[in-house]
2 protein chains.
Amino acid sequence: MSQSTTRKTGKGDKSEEAAFLEAYRPGDFARPSVTVDLVIFTIQEGALSALFVTRGEHPFKGALALPGGFLRVGKDRHEQGEDLIDAARRELAEETGLGDSRIFLTQLGAFGKPGRDPRTRVVSVAYVALVRPELAQKTVGGGDVTHAQFLDVDKVHKLAFDHAEILSSARAFVRRELMTSPIAFELTAETFTIQELRGTYEVILGEVLDPGNFRKRFLRMLEEGIITETREMRRTPSKPARLYRFAKRNRG
Amino acid sequence: MSQSTTRKTGKGDKSEEAAFLEAYRPGDFARPSVTVDLVIFTIQEGALSALFVTRGEHPFKGALALPGGFLRVGKDRHEQGEDLIDAARRELAEETGLGDSRIFLTQLGAFGKPGRDPRTRVVSVAYVALVRPELAQKTVGGGDVTHAQFLDVDKVHKLAFDHAEILSSARAFVRRELMTSPIAFELTAETFTIQELRGTYEVILGEVLDPGNFRKRFLRMLEEGIITETREMRRTPSKPARLYRFAKRNRG
DNA sequence: GTAATAGTGTCTTTTAGACAATATTTC
DNA sequence: GAAATATTGTCTAAAAGACACTATTAC
């Protein structure tokens with residue numbers, strides 16, 4: 001309640017700090033631009049694919065690039081703008097129409113080599129999003145050729161800026177993550193057969209897995225409750241297969 | 001060689017792009033400040049410790065904080081300043097005197113919540129450094145109470161800004177990393193006994209490991225060539241122990 | 001019936017952990 | 001000799017991989 005504090009050490013000088021902040025004027029250091037870039041993965045036609053946009057303006061006019069945009073920074077110290085992850089969600093919604101907060105989205109890291117953007121110094125914070133194939137179909141990028149499209153990451157070669165580096169870093173990230181957390185479900189339809197899930201693993205890892213051994217691994221997940229059995233079966237060219245469901249979708 | 005290009009699609013319009021860049025003037029978007037913060041770990045007195053500085057100025061005057069500083073951004077598009085990791089190395093050298101490029105240093109991620117710095121919008125890119133105890137002793141932070149000091153991370157409670165969050169994220173990072181890469185050596189003296197290395201693992205993991213079982217794990221590393229036997233022995237209060245050495249120190 | 005693939009079972013190797021036992025040194 | 005701890009060894013269980021086998025459906 002007391003507003004008049006003189007000189008104390010430690011935590012006593014709240015109002016002194018408040019006064020300091022009131023008087024504070026940001027210096028005129030050169031500041032970099034900060035952007036948020038997205039690697040939006042899905043699986044299409046049995047291939048790991050990501051969303052790319054074609055640049056309409058210089059630099060790298062006509063080249064493919066990862067979707068992204070500027071971080072919105074507020075006007076003063078009381079209004080400091082949006083959080084990094086919110087900027088990523090906003091971009092994701094803008095590019096794909098997927099405003100759903102249940103889409104997996106996590107930070108990959110910051111990329112800030114000088115010269116990566118020839119216009120000015122830009123530090124980009126990259127995020128990885130995982131979109132289930134069913135959803136990817138419905139997005140802007142899933143439709144006919146618009147400015148954004150999902151492409152097989154192995155068939156995309158020249159990318160603008162340092163986006164090839166970001167992309168390959170993102171691929172390594174999902175491969176690593178696949179071993180320790182259930183991210184495969186984020187790239188698999190709502191319900192799936194064991195073989196379909198195995199297919200997702202194979203696409204991400206880039207190697208063929210033994211059906212029998214994968215099943216054992218799968219059944220362990222069933223016991224742990226990560227996966228639930230449904231009553232439905234999927235018709236196949238031969239023997240029908242049971243459909244399963246990921247128990248706890250979403251993550252905030 | 002030809003400078004006169006008119007209108008082409010694809011990659012033909014190099015000089016058009018050059019002209020664009022020449023004419024480019026950065027817009028006056030609000031830009032955030034970008035800083036680099038460091039979590040510099042070492043092991044002291046059997047505890048995982050990190051380097052902290054005491055803030056001499058507002059905000060958070062008198063509080064402990066992680067060392068860090070502004071990213072240096074150049075003056076124009078041709079001179080864009082330093083890379084993020086170089087900024088981290090520079091800060092590391094400034095705070096500890098460890099200019100040695102062999103010190104383990106890797107990016108943790110970007111932290112940019114609005115309001116994390118009450119003065120202005122700041123996006124911080126955090127790095128984790130691992131310093132061997134022998135080296136930490138010799139640093140500025142290892143000496144008497146100067147402005148920078150190594151403190152047991154479990155005994156540090158109130159930190160400035162969102163540095164508590166960065167610190168706990170860094171702890172989780174090293175714990176995770178310990179399982180998949182040989183980072184323990186970065187926190188262990190040049191030569192070490194099996195038990196000493198086990199001690200490092202125990203401090204990072206925060207749990208006690210069985211000596212016999214750890215030995216088996218260790219001997220596998222020996223076979224793989226990660227570790228080399230030396231001829232020396234370490235005197236102990238009982239039976240002396242053999243000293244080993246990490247085969248390939250450094251990482252650029 | 002035949003082809004295809006869903007699903008089961010077997011065997012081996014590797015790794016981890018619990019824990020007992022032995023060996024060698026300091027004091 | 002006693003204490004301490006380095007070092008070795010044993011046993012069990014979990015997990016992964018190679019691979020053969022059986023079952024059930026579409027056609």
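Labels below follow one simple rule: chain letters A, B, ... track the order of the sequence lines, proteins then strands, and each chain is numbered from 1.
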* Verify, without hydrogens or angle tests, whether B/Glu91 (side chain) and B/Val36 (backbone) share a donor-acceptor contact under 3.5 angstrom. => no
* d(CZ, B/Arg215; P, D/dT10) in whole Å -> 15 Å
* To do: Nearest whole angstrom, please: distance from the C1' of C/dC19 to the CG of B/Leu209.
  => 15 Å
* Would you check if A/Phe218 and A/Tyr244 make a side-chain contact, meaning some heavy-atom pair closer than 4.5 Å? => yes
* To do: Would you mind reading off the distance between B/Arg198 atom CZ and C/dG17 atom P, rounded to a whole angstrom?
  => 14 Å
* Asked: Quick one: the side chain of B/Lys216 and the base of D/dG9, do they pair up donor-acceptor inside 3.5 Å?
  -> no
* Would you mind telling me which residue lines up with the more 5' stretch of DNA chain D, B/Thr236 or A/Ser238, judged by nearest nucleotide? => B/Thr236
* Residue B/Arg242, side-chain heavy atoms: nucleotide from D/dT5, C/dA6, D/dT7 that is nearest -> D/dT7
* To do: Begin with the C-alpha distance, continue with both residues' side-chain angles, and end with the deciding distance and a verdict on salt bridge (Lys or Arg N to Asp or Glu O under 4.0 Å) for B/Glu165 and B/Lys113.
  => CA-CA 11 Å; B/Glu165 187 184 338; B/Lys113 275 205 303 285; 2.8 Å; yes
* Is any N or O donor-acceptor pair between the side chain of B/Asp210 and the base of C/dA16 shorter than 3.5 Å? -> no
* Asked: Roughly, in whole Å, what's the span from CG in B/Leu205 to P in C/dA16?
  -> 13 Å
* Assess whether side-chain contact (heavy atoms from CB on, under 4.5 Å) is satisfied between A/Phe185 and A/Leu197, documenting all intermediate values. => CA-CA 8 Å; A/Phe185 302 110; A/Leu197 186 67; 4.0 Å; yes
* Would the number of heavy atoms belonging to other residues, nucleotides or ligands and lying under 6.0 Å from CD of A/Glu229 be above 12? -> yes
* Between D/dA15 (C1') and A/Met179 (CE): distance, integer Å -> 14 Å
* For residues 219-230 of chain B, which residues have at least one heavy atom under 4.0 Å from DNA chain C? -> B/Arg220
* Structure fact -> Residue pair A/Arg235/A/Arg217 against DNA chain D: nearer the 5' end by closest nucleotide is A/Arg217
* State, with a plain yes or no, whether a side-chain heavy atom of B/Leu205 is found less than 4.5 Å away from one of B/Arg175. => yes
* Structure fact -> note: A/Leu197, atom CG; C/dA6, atom C1'; distance rounded to Å ~ 15 Å
* Structure fact -> Separation of C/dT26 atom C1' from B/Met233 atom CE, nearest Å, is 14 Å
* **Selection from C/dA18, D/dT7, D/dA18 that lies nearest to any side-chain heavy atom of B/Asn213** => C/dA18
* In whole angstrom, what separates B/Arg234's CZ from D/dA6's P? -> 11 Å
* Sole candidate of B/Thr188, B/Leu178, B/Leu187 that passes side chain to side chain contact (heavy atoms under 4.5 Å, CB included) when paired with B/Tyr201 -> B/Leu178
* Nearest to the side chain of B/Gln195 - C/dC19, D/dA6, D/dG17? -> D/dA6
